[in-house]
Structure formats: C-alpha cells, structure tokens
Engineer: 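Take a look at the following structure, please.
Chain letters run A, B, ... following the sequence lines, proteins first, then strands; residues in each count from 1.
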Protein chains: 2
Amino acid sequence: MRADARRNYERLLTEAAAAFGANGTEASLEDIAKAAGVGVGTLYRHFPTRQDLILAVLRDRFEAMAATARDLTAGDPGRALRGWLLAQLHHITATRGLTAELAVAVNNPESPLHGQCESLFSISAGLLAKAKETGAVRPDLTQPDLAAIVHGIAWSCESDPARQERLLDLFLEGVLL
Amino acid sequence: MRADARRNYERLLTEAAAAFGANGTEASLEDIAKAAGVGVGTLYRHFPTRQDLILAVLRDRFEAMAATARDLTAGDPGRALRGWLLAQLHHITATRGLTAELAVAVNNPESPLHGQCESLFSISAGLLAKAKETGAVRPDLTQPDLAAIVHGIAWSCESDPARQERLLDLFLEGVLL
DNA sequence: GCATAAGCGGAGGCAGCCTCCGTATATTTA
DNA sequence: TAAATATACGGAGGCTGCCTCCGCTTATGC
C-alpha cells in the first residue's frame with residue numbers, strides 16, 4: 001500500500017469517527033471526504049460502502065474492549081462480571097450513534113465484524129463460567145442473554161450513563177421481592 | 001376537512017404503516033405517496049415532515065396500549081405489572097422499525113406524542129404503585145426505570161419475542177444469587 | 001531519472017427530499 | 001341547480017447526497 005494511500009485511509013477513519021459521533025451514521029460521506037481533505041472517489045475506493053466505513057470505525061473499539069476484558073479476567077469472578085458488563089456499557093456509549101450497528105455485528109453471523117465479536121464472546125463466556133462456578137450467578141444465565149441486555153440498556157439510555165448503571169444493577173439484583 | 005382530503009389522509013397512513021414496517025423509517029416518501037395513489041404534494045400537505053407521518057402512525061398504537069393497560073389494572077398487582085411490561089413488549093414489537101421513534105417520544109418532552117405517553121405513564125405508575133403496596137417489588141423501582149428497560153429489551157430483541165420474555169423475567173427475578 | 005503501477009479527484013448520472021403554484025374539485029350559497 | 005368560493009390536488013423543478021467512472025497525478029522500484 002502506498003504511503004499516501006495509508007495516510008488518507010487514516011484521515012478518513014478519524015473524520016468518519018468524528019462525524020458519526022456528532023451526526024449519527026447518516027452523516028454525509030461527501031462531507032467526511034472533504035473534512036479529510038480528499039475527494040469522494042478516494043473515500044469510496046477505501047470504503048466501498050457506508051457499512052464498510054462504519055465497521056472500520058468500530059474495529060478500533062473492539063481492540064479496546066478486548067483489552068478491558070483481558071484485564072478483568074484476573075479479578076474476583078463475581079465483581080469481574082459486573083465490571084465487564086459496565087465496561088461494555090461505557091465502550092458502547094463511547095461509540096454514540098453506532099450502538100445499532102454494533103448490535104447488528106453481534107447478532108448477525110454474516111457481518112464482517114462478527115469474527116471479532118466472537119473473540120469478545122469467548123472472553124465474556126469465560127467470565128460468565130467462572131461466575132457460575134463460584135455460585136455468584138444463576139446457572140441458566142447465558143452469554144447471549146448478557147449481550148442482549150447490555151446492548152438494550154446501552155441503546156435505550158445512550159446519553160444517560162447513570163441510568164445505564166442503575167438498570168444494570170436492577171438487572172443483576174432483580175426487581176421482585 | 002374535505003371528504004377527499006380525509007380519504008387521502010387515511011390512505012397515506014395505511015401505506016406509511018406498511019412501508020415503515022417493511023423498510024424501516026427510511027422508506028421513500030414518494031413511494032408511499034404513489035402507493036396511496038396521491039402526489040407527493042398531498043403527502044407533504046398532510047404530513048409536513050417525515051416525523052409527522054411516523055408520529056401519526058404511532059398514535060394508533062398508543063390507543064391499543066392504553067386499552068391493554070386499563071384491562072390489566074383490574075387483576076392481581078404482582079402479576080399485573082409483569083403482564084403490562086410484557087404487553088408493552090408485544091406492542092412495541094408490533095411497530096417494528098419504529099421502536100427508536102417510540103423511545104424518543106417517551107423520553108423527549110418536546111415530542112408531540114409525549115402527551116399520550118404521559119397518559120400511559122400514569123397508568124403504568126398506578127400499576128407500579130399497587131405492586132409496591134403489596135410488597136411485590138422493591139420500593140426504589142421507578143416508572144422511568146421500567147420504561148427504559150422495556151424499550152431496551154424490545155429494541156435489542158426486535159425479532160425474537162421469546163428472548164424478550166426471557167430477558168424480562170431475568171430482569172424481574174434478578175441474576176445474582 | 002524514467003517507467004509503471006498505484007492512487008487520486010471530481011464531474012456526472014441518479015434517487016429522494018421538499019416547495020411552489022396553476023389546476024381541479026368539494027362545498028356553500030342563492 | 002348553477003355559480004361562487006374555499007379547499008385540496010399533483011407533479012415539475014431545484015437541491016442535496018449517493019456512488020461510479022476514468023483521465024490525470026504521484027509514489028516507488030530499477
């Protein structure tokens with residue numbers, strides 16, 4: 001890959017992340033190209049579809065999430081699970097406007113990002129298994145349950161982290177007496 | 001209002017509901033107008049913005065939800081609350097593709113639909129208050145908590161009602177042992 | 001320095017958004 | 001029932017954003 005091509009690629013990614021964060025996934029691609037100082041043609045060569053661009057932006061997030069997950073596997077299993085769920089909420093929220101796309105990647109095996117999701121899942125499943133072993137959580141709880149509830153909470157309280165945390169705790173502790 | 005105008009209004013609403021259900025909120029307005037057998041001009045006169053059209057479609061759902069809620073206020077408070085949350089999930093799912101808009105209406109006091117939301121809220125708050133009185137649920141639970149979690153679950157499992165119900169029960173019963 | 005492969009840019013064709021206003025039709029009035 | 005009037009209709013047209021295509025530019029290897 002030529003040096004200028006790589007430079008443009010990075011610039012586009014940066015501007016896209018900013019634009020999606022500010023205006024959601026519908027941000028104008030022509031504007032993103034302009035902001036990155038390249039023509040539309042260049043944008044489309046690097047990212048043939050809007051989806052490709054979105055996925056590329058998300059890819060970075062995955063790295064960060066995986067790192068967090070690895071850190072947590074060291075600690076106390078009961079706390080670790082809550083910590084991991086909370087960390088997921090933070091990461092998803094940091095990707096404001098891309099929550100829906102992220103959920104698609106998680107749920108749809110066709111998505112090019114699904115592979116990376118799987119690696120997160122296995123970490124997540126590991127944390128869950130440990131928590132079950134120590135009797136910290138109910139044994140019928142599954143990894144997909146956790147993924148679904150976390151995305152649901154992240155999405156429905158996208159701009160209210162305090163409520164996210166509250167809902168997570170309600171979920172963990174239960175509501176019925 | 002002239003008779004033909006009313007007829008066109010109804011037709012547009014019907015076609016819009018179908019189009020939004022099939023293609024999401026981004027469905028082409030020109031296509032909706034065509035399907036309803038009117039010109040775009042007519043569509044825009046009745047519904048100046050896409051938002052107006054979406055809200056009009058949602059309005060019907062609210063009637064149905066309010067009716068369900070009233071029915072439930074009669075039964076056993078503990079069960080009634082779960083029944084109401086489940087009914088909400090069903091209603092929201094029936095509005096496939098409009099979940100996000102519905103959530104906006106609920107959370108944003110500026111929304112023209114917020115008034116109707118409020119009336120649902122008061123019914124909902126009534127059910128919650130009764131459940132608290134009988135000691136069925138924890139006393140710190142609030143109506144907004146319930147609204148947020150229900151929308152989150154509905155959104156994240158839009159096409160999987162079984163998982164919706166499962167997540168709802170996990171939420172009610174709790175996950176930690 | 002030159003050849004050549006790799007990459008660039010933006011014009012242009014297309015689709016959907018929304019407005020505007022001349023035309024048509026329902027309703028009222030006499 | 002026919003004229004008068006208010007009401008509503010339709011779709012052309014201007015605009016913006018999407019995406020493709022290809023002649024031009026520039027980096028890189030020899």
Engineer: May I ask you to verify if any side-chain N or O of T42(B) is less than 4.0 angstrom from the OP1 or OP2 atom of dA8(D)?
Structural biologist: no
Engineer: Would you say dC18(D) has OP1 or OP2 under 4.0 Å from some side-chain N or O of S28(A)?
Structural biologist: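 Answer yes for this pair, as a side-chain N or O of S28(A) is under 4.0 Å from OP1 or OP2.
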Engineer: May I have the distance from L43(B) (atom CG) to dC20(C) (atom P), rounded to whole angstrom?
Structural biologist: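 The distance from CG of L43(B) to P of dC20(C) comes to 16 Å, rounded to the nearest Å.
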Engineer: Among dA8(D), dG7(C), dG9(C), find the nucleotide with the atom closest to the side chain of M1(B).
Structural biologist: dA8(D)
Engineer: Taking OH from Y9(A) and C1' from dA6(C), how many angstroms apart are they, rounded to a whole number?
Structural biologist: 17 Å
Engineer: Does a nitrogen or oxygen in the side chain of T49(B) sit under 4.0 Å from OP1 or OP2 of dC18(C)?
Structural biologist: no
Engineer: Mapping E30(B) and D4(B) onto DNA chain D by nearest heavy atom, which one lands closer to the 5' end?
Structural biologist: D4(B)
Engineer: Atom CZ of F47(A) and atom P of dG17(D): how far apart are they, to the nearest Å?
Structural biologist: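 F47(A) atom CZ is separated from dG17(D) atom P by 20 Å.
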Engineer: Tell me whether the OP1 or OP2 atom of dA5(C) has a side-chain N or O from R2(A) closer than 4.0 Å.
Structural biologist: no
Engineer: Closest-nucleotide mapping onto DNA chain C: is A3(B) or P48(B) further toward the 5' terminus? I mean the 5' end.
Structural biologist: P48(B)
Engineer: Please report the distance, rounded to the nearest Å, between CZ in R7(B) and P in dA26(C).
Structural biologist: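 Taking atom P of dA26(C) as the reference, CZ of R7(B) is at 8 Å.
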Engineer: Round to the nearest Å and state the distance from K34(B) atom NZ to dA12(D) atom P.
Structural biologist: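 After rounding, the gap between these two atoms is 11 Å.
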Engineer: N23(B) has an atom CG; how far is it from atom C1' of dA15(C), in whole Å?
Structural biologist: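 Whole-Å distance recorded here is 15 Å.
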Engineer: Could you tell me if E110(A) and H114(A) have a donor-acceptor pair between their side chains, going purely by distance under 3.5 Å?
Structural biologist: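 Short answer, no.
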Engineer: State, without any angle test, whether S124(B) and W84(B) hold a side-chain donor-acceptor pair at a distance under 3.5 Å.
Structural biologist: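 The criterion, which ignores hydrogens and geometry beyond distance, is satisfied for W84(B) and S124(B).
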Engineer: Whether the Q164(A) and T93(A) side chains hold a donor-acceptor pair (N or O, under 3.5 Å, no angle test) is what I'd like checked.
Structural biologist: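 The answer is yes; a qualifying pair exists.
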Engineer: Indicate whether the side chain of D71(A) and that of T68(A) have a donor and an acceptor atom separated by less than 3.5 Å.
Structural biologist: no
Engineer: Identify whether any heavy atom of R50(B) sits under 4.0 Å from a base atom; if not, whether one sits that close to sugar-phosphate; answer base, sugar-phosphate or nothing.
Structural biologist: sugar-phosphate
Engineer: More 5' along DNA chain C: A5(A) or A27(B), using each one's nearest nucleotide?
Structural biologist: A5(A)
Engineer: What is the separation between atom CG on L29(B) and atom P on dA15(C), rounded to the nearest whole Å?
Structural biologist: 17 Å
Engineer: For dC9(D), does OP1 or OP2 lie under 4.0 Å from any side-chain N or O of H46(B)?
Structural biologist: yes
Engineer: Quick one: is dC9(D) close enough that its OP1 or OP2 comes under 4.0 Å of any side-chain N or O from N8(B)?
Structural biologist: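 For dC9(D), OP1/OP2 do have a side-chain N/O of N8(B) under 4.0 Å.
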Engineer: Take atom OH of Y44(A) and atom P of dG9(C), then tell me their distance rounded to the nearest Å.
Structural biologist: 15 Å
Engineer: Less than 3.5 Å apart, any donor N or O on the side chain of S111(A) or N108(A) sitting next to an acceptor on the other?
Structural biologist: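 Short answer, no.
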